[in-house]
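Read the numbers this way: they start at 1 and go in the same order the structure lists the ligands and their atoms.
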Amino acid sequence: MADKSVQKYTAPAGGWGALKSVTKSWIASEKPLKNLRAMLKTNQDHGFDCPGCAWGESPENGLVKFCENGAKAVNWESSGRQVGPAFFERYTVSKLLEHSDYWLEDQGRLSHPMQYDPATDKYVETSWDDAFALIAQHLNQLASPNEAEFYTSGRTSNEAAYLYQLFVRALGTNNFPDCSNMCHEASGHAMKQSVGVGKGTVVFDDFAKADAIFVLGQNPGTNHPRMLEPLREAVERGAQVVCFNPLKERGLERFQHPQHPLEMLTNGDAPTNTAYFRPALGGDMAVMRGIAKCMLEWEREARANNRPAIFDHDFIARHTNGLDDYLALVDATSWQDIVEQSGLSKDDIYLAASMYCRAERVIMCWAMGITQHKHSVAIIQEIINVQLLRGNVGKPGAGLSPVRGHSNVQGDRTMGIDEKPPQWLLDALEERYNFSVPREPGHNVVQAIQAMEQGRAKVFIGMGGNFAQATPDTPRTHEALKRCDLTVHVSTKLNRSHLVTGKAALILPCLGRTEADIQDGQPQGVTVEDTFSMVHISYGQLPPGSALLRSEPAIVAGMAKATLGNHPVDWDALINDYSRIRELIADTIPGFTGFNEKLSQPGGFHLPNPAAERTWRTVNQKAGFAANPLPGQLLSAQLPAGETPDLILQTLRSHDQYNTTVYGLDDRYRGVFGQRYVVFVNPEDIKRLGFSEGDKVDMISLWHDGRERRVEGFTLVPYDILHGQAAAYFPEANGLVPLESYGDDSFTPTSKYIAIKLMEAQPDNRIPVSHN
Ligand SMILES: Nc1nc2c(c(=O)[nH]1)N[C@H]1C(S)=C(S)[C@@H](COP(=O)(O)OP(=O)(O)OC[C@H]3O[C@@H](n4cnc5c(=O)[nH]c(N)nc54)[C@H](O)[C@@H]3O)O[C@H]1N2
Ligand SMILES: Nc1nc2c(c(=O)[nH]1)N[C@H]1C(S)=C(S)[C@@H](COP(=O)(O)OP(=O)(O)OC[C@H]3O[C@@H](n4cnc5c(=O)[nH]c(N)nc54)[C@H](O)[C@@H]3O)O[C@H]1N2
Ligand SMILES: [Mo]
């Protein structure tokens, strides 16, 4: 290959490459020794919860509980450099906008509260009191509290999230757009409908008991590296690991655990016992329907020949409804449709079905390859249907596992960060605090952008995250944010959201998870909930990056007190001792009775999950088979008349990023080095479309609203990807995702299914940002 920046990766996932990469990020953070101490405290009792992904731990696991990408997250947060008044004096906001997301975050930790000065186009230092007063002034002058949007990203602790929702509801709105709207929203929605609980039904130890683990639309080698260990153990004891992914993902093909260096030496290529199926983008529903169709055929054969049943009739009779309608639909779905829409052959689907049926206990895991489609809710319900046919929900070693992203995204929802809050939550808040809570649903991410765009929302407050970059339709979303009277970001690191300012703008710098949080002389812990619904406490260890940083709970309390006074609680008293916040949580959120006491258990405690106990909190108290037709042509109605796409694009994460946080410019497992403006395309498609490897292209997306959506200057990288598909990195390609292209019922942007055309890049087109 001519271009040195694209090389084939041949070593297994994990292994030495991972260790080398950790060492690099260690040194880059400029605080190596201190970080080593921090790392050893990650996910330990009395240590801090890893700020990386939401994967959980077994309480019995060994001493060292971090992974390559968790180590990067820790290092990134504990940068030795400061971004404060001196930094902002050097740059106008317009100048900063010329830099890449990578460069922005790499400048160091935000250290002072800053306010935007439109006259000089610079951020200048402000005081916490003035910042809170400005927020209060803007919020209190709104015609309605529904004119403000309160975003949450998923690193926010339970304590901060609980206070935040209390503040915002006391103000009078349910406008809680949050990162899960763009993430696992469809999982929550589908699961609540089908099994009555919007969370995974398995715990960590179930992985050791499963006979098969299906991994759909997920890239754990990069995004949940600690999941590789149970997968590898499963393979070693003869269980099947069955993957569905249109891309060949290195981390799924072969995996190694980076904490077994000896084995790494002697066993360069770990044994694999996995099947790897490559469906069409969005084809997983058809795959699952095909598996159900095979099972139905075998069930009928078994019945005719007096052989043991394929279906779990006892479970179905006792626990489910809707079987007949569902099976009628399975019968009515043709193999032709299944093969066409799944992208797999009938033989492949038979093979997958036989692997599924051979296993007594099956866990199905999924992530963004499943949730970011138009019909994601239906895909997930079809996964659930297949699991219900064999009673694979609510027994050890089996269940549903939507693998969450952000380390506390699940906890934030549990705490009430929810634009469609359940009735019981509102009732509990009203009763406990004696104010009249807003009852009408608020805005999700898409609706919040629309409201800002149309001038219906005037204040945007972001509790973490990077709203401007994580959201779809980038230039349009930026315009929407700029229309606001005030934008506020509570953040650890500089990002583009700070630079897309409303008429007034604030940056409020906060402590990260790794840093000691001392209030009233006492170290405070905060709690988080992992993907297995385990809640545990996290104590930051490192000295704060700056003396001016405040904790997220303290910042929420500051905004609340300035805006509402001591209504409905004495905010300062809560901040002096976070266990008082936990008492309020215990009073109002189910499963948290005795919260403070329960935290002393090593590894934390498990929140009740009725579906895991085979109690179904659905309308009719049963698990339901959902009878949804296959989606058919996913796009035809939404394309401009007469247009056909060159390719369907999915946007995904490189190995060197955490969402919009770019740690480095390499994507080791996919063999890309030193660059991010790349698009992966099948070599034959490159030829078919009249291009050559390495050519620079612009991409435009096809959508019926007549707007042009274009991203520029992407290098064509030939890749082992199915015909007709393409992949590019998030957030560089987000400008292609139309705001109105979102999932049915979930409103999740369809980041994994975008119709595009490739055009030769104009000679003057260049990557519009600089990494230096
Ligand atoms: N290091 C690191 N860790 C992370 C993150 C990070 O950015 N970096 N992000 C965190 C967050 S918030 C989340 S939500 C998770 C995300 O974790 P993932 O969901 O693993 O993230 P993506 O990179 O979006 O990868 C999606 C995978 O699905 C595949 N895929 C795409 N479309 C389809 C499809 O239609 N069908 C199937 N079967 N597969 C498909 C893609 O090829 C890709 O392998 O990771 C979390 N952990
Ligand atoms: N095209 C496309 N778009 C996507 C996706 C995709 O796959 N494709 N994935 C979607 C998904 S799954 C998600 S979850 C969203 C993510 O959306 P967000 O959660 O909004 O984005 P992040 O990049 O995780 O946010 C990074 C910023 O968070 C701040 N931060 C980091 N740690 C802390 C902390 O402890 N406290 C506070 N207050 N701030 C902190 C830092 O300033 C950092 O710049 O993006 C979504 N967008
Ligand atoms: Mo996510």
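In M182, the parts holding a heavy atom less than 4.0 Å from any atom of ligand 2 are both the side chain and the backbone. Under 4.0 Å from ligand 2, the heavy atoms of N495 that appear belong solely to its side chain. Residue Q469 does not touch ligand 2, judged by heavy-atom distances below 4.0 Å. Contacts of C510 with ligand 2, taken as heavy-atom pairs under 4.0 Å, involve the side chain alone. At a 4.0 Å heavy-atom cut-off, ligand 2 does not touch H489 at all.
Not a single N or O atom of Q372, backbone or side chain, sits closer than 3.5 Å to an N or O atom of ligand 1. Checking only distances, P246 never comes within under 3.5 Å of ligand 1, N or O to N or O. In terms of N/O distances under 3.5 Å, ligand 2 is approached by N734.
Contact analysis leaves G52 out of contact with ligand 1, as no non-hydrogen atom separation drops below 4.0 angstrom. In this structure, K752 has a heavy atom closer than 4.0 Å to ligand 2.
Nearest to atom 15 (C) of ligand 1 by heavy atom, out of M368, R670, H224, is H224. Scanning R404, R653, K493 for the heavy atom closest to atom 12 (S) of ligand 2 points to R653. For atom 18 (P) of ligand 2, the choice among Y151, F467, W76 with the nearest heavy atom turns out to be Y151.
Among protein heavy atoms, atom 32 (N) of ligand 1 sits closest to L281 CD2, 3.3 Å.
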